[in-house]
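Reviewing the structure listed below.
Residue numbers begin at 1 in each chain, while the letters A, B, ... track the order of the sequences. Being a predicted model, the structure only gives us computed values, none of them experimental.
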2 protein chains.
Amino acid sequence: MSQKRQLLIDTALELFYQQGINSIGINEVLKQSGVAKRTLYSHFDSKEALILAALEQRHQVFISWFSQQISQVSNANEMIEAVFDALASWFNGCAEPLGAFKGCFFINTSAEFSDQNSATFHFCQAHKQAIKTAINTQLPTINAELVDTLCLLKEGAIVSVQLLGNATYVIALSKRNAKAVMASLN
Amino acid sequence: MSQKRQLLIDTALELFYQQGINSIGINEVLKQSGVAKRTLYSHFDSKEALILAALEQRHQVFISWFSQQISQVSNANEMIEAVFDALASWFNGCAEPLGAFKGCFFINTSAEFSDQNSATFHFCQAHKQAIKTAINTQLPTINAELVDTLCLLKEGAIVSVQLLGNATYVIALSKRNAKAVMASLN
DNA sequence: AATAAGGTAGACAGACTTGTATACTTTTGT
DNA sequence: ACAAAAGTATACAAGTCTGTCTACCTTATT
């Protein structure tokens with residue numbers, strides 16, 4: 001794996017995430033990274049290939065960060081706390097590997113590439129599925145209602161904070177919400 | 001208000017919503033509507049002005065449709081049912097004024113125009129605020145926790161269904177979730 | 001019937017976009 | 001030391017995009 005290749009992916013991801021994929025041209029990525037155009041096209045067949053590499057990178061970083069955040073969890077209540085504490089630190093820009101919060105890269109990208117047959121769209125679906133699996137795996141017993149609730153609230157929280165801010169309130173509300181669901185399951 | 005102007009807005013909204021604003025050029029709107037370019041630029045200063053008009057149109061149609069869907073509501077439980085039944089019919093393409101479901105136009109547009117200072121972004125914020133107000137107004141007593149929960153779950157449901165489908169399940173889950181919150185408030 | 005307002009058709013300017021080509025330089029492994 | 005691999009710099013082809021311009025036509029209203 002070349003250094004230049006990695007530099008291109010890192011630069012592209014940062015720019016794509018912060019400003020949107022369609023707003024960022026290849027030339028901007030080259031300018032920011034200081035890499036030559038020829039080099040980019042020796043590593044990637046097209047802009048789309050670079051986009052997919054950036055999505056893959058974000059997926060790996062996000063899953064890795066998220067799994068670590070919930071790694072100490074051993075019951076449902078701890079899971080609720082861990083998931084939303086993690087989201088809170090992301091929203092507040094304190095989750096180092098994720099950078100400044102600009103919504104979910106995969107939701108945003110899906111909005112830009114709405115064609116449901118595109119490789120891009122499928123990748124975004126796979127990411128959401130992977131998060132669900134990560135939560136499921138960490139729980140001692142299967143609890144589909146809790147996992148689906150957490151994912152539903154997670155998407156809601158991301159979009160709400162992206163649009164209207166107020167991260168602290170949204171996180172607290174989400175926690176109360178998830179706990180109310182847990183209470184209702186008994 | 002000219003007929004051509006309205007035709008341009010209707011065509012632009014349909015194309016922008018279904019395929020994304022950045023994917024649709026002015027020329028595509030002209031071709032689909034059969035209107036001349038000169039006419040478009042006599043009604044709108046720029047593409048951005050057309051985008052804002054399309055957002056305004058969507059806002060009016062959506063708020064009007066949504067308000068009607070919850071107009072018979074007289075208590076919290078009915079509100080939960082009405083909100084998610086309305087969303088279900090939207091997701092399934094049965095909400096006539098809204099067209100085929102492609103996520104929330106405002107969330108999608110925010111993802112495309114992520115600059116937080118843009119007129120576009122502010123419009124999207126205002127839309128979300130207006131939905132919250134509509135719910136609040138229809139309830140007999142103030143219940144901020146319920147209203148905020150409904151809005152949070154609504155965003156989560158929209159994004160979840162947009163990405164992974166499964167509308168029926170997501171709606172049922174959201175209803176159980178909201179009812180659990182209501183139960184926890186006593 | 002005349003005039004003003006609104007519309008059509010399409011060429012085109014200018015600024016973008018992605019991706020290719022040419023010619024040269026640096027780095028790296030053996 | 002030297003050959004192969006990788007990178008630089010930049011011009012350019014071919015396409016996109018928005019927005020303007022010219023020239024002509026239709027439709028109301030007075």
Taking CD from A/Gln3 and P from D/dA5, how many angstroms apart are they, rounded to a whole number?
19 Å
Please report the distance, rounded to the nearest Å, between CZ in A/Phe44 and P in C/dT18.
15 Å
Please confirm whether the backbone N or O of B/Gln129 pairs with a side-chain atom of B/Thr133, one donor and one acceptor, at under 3.5 Å?
yes
Between atom NE2 of A/His122 and atom CG of B/Leu163, what is the distance when rounded to the nearest 0.5 Å?
11.5 Å
Pairing donors with acceptors under 3.5 angstrom, does anything connect the side chains of A/Ser64 and A/Gln60?
no
Tell me if a side-chain donor or acceptor on A/Gln18 pairs with a main-chain N or O of A/Ala100 at a distance below 3.5 Å.
yes
Rounded distance in Å - NE2 (B/His43) to C1' (C/dT8):
13 Å
Whole angstrom value for the distance that separates P of C/dC16 from CD of A/Glu28
12 Å
What is the distance from NZ of A/Lys31 to C1' of C/dC16, rounded to the nearest Å?
14 Å
Sequence-aligned protein contact record of nucleotides 8-30 of chain D, with B where the base is within under 4.0 Å of a protein heavy atom and S where only the sugar-phosphate is
BB--------BBBBB--------
Without decimals, in angstroms, what is the distance between A/Leu7 CG and D/dG7 C1'?
12 Å
Considering only NZ, NE, NH1 and NH2 on the basic side and carboxylate oxygens on the acidic side, decide whether A/Lys102 and A/Glu14 come within less than 4.0 Å.
no
Hey, what are the protein-to-nucleotides 3-5 of chain C N/O distances that come in under 3.5 Å?
none

Side-chain donor-acceptor contact under 3.5 Å, B/Gln57 with B/Asp10:
yes
For the aromatic rings, using the six-membered ring if either is Trp, is the centroid distance between A/Phe62 and A/Trp90 under 6.0 Å?
yes
Length of the CG-P vector between A/Leu40 and C/dT20, whole Å
11 Å
Can you confirm if the aromatic rings of A/Phe113 and A/Phe121 lie within a centre distance of less than 6.0 Å?
no
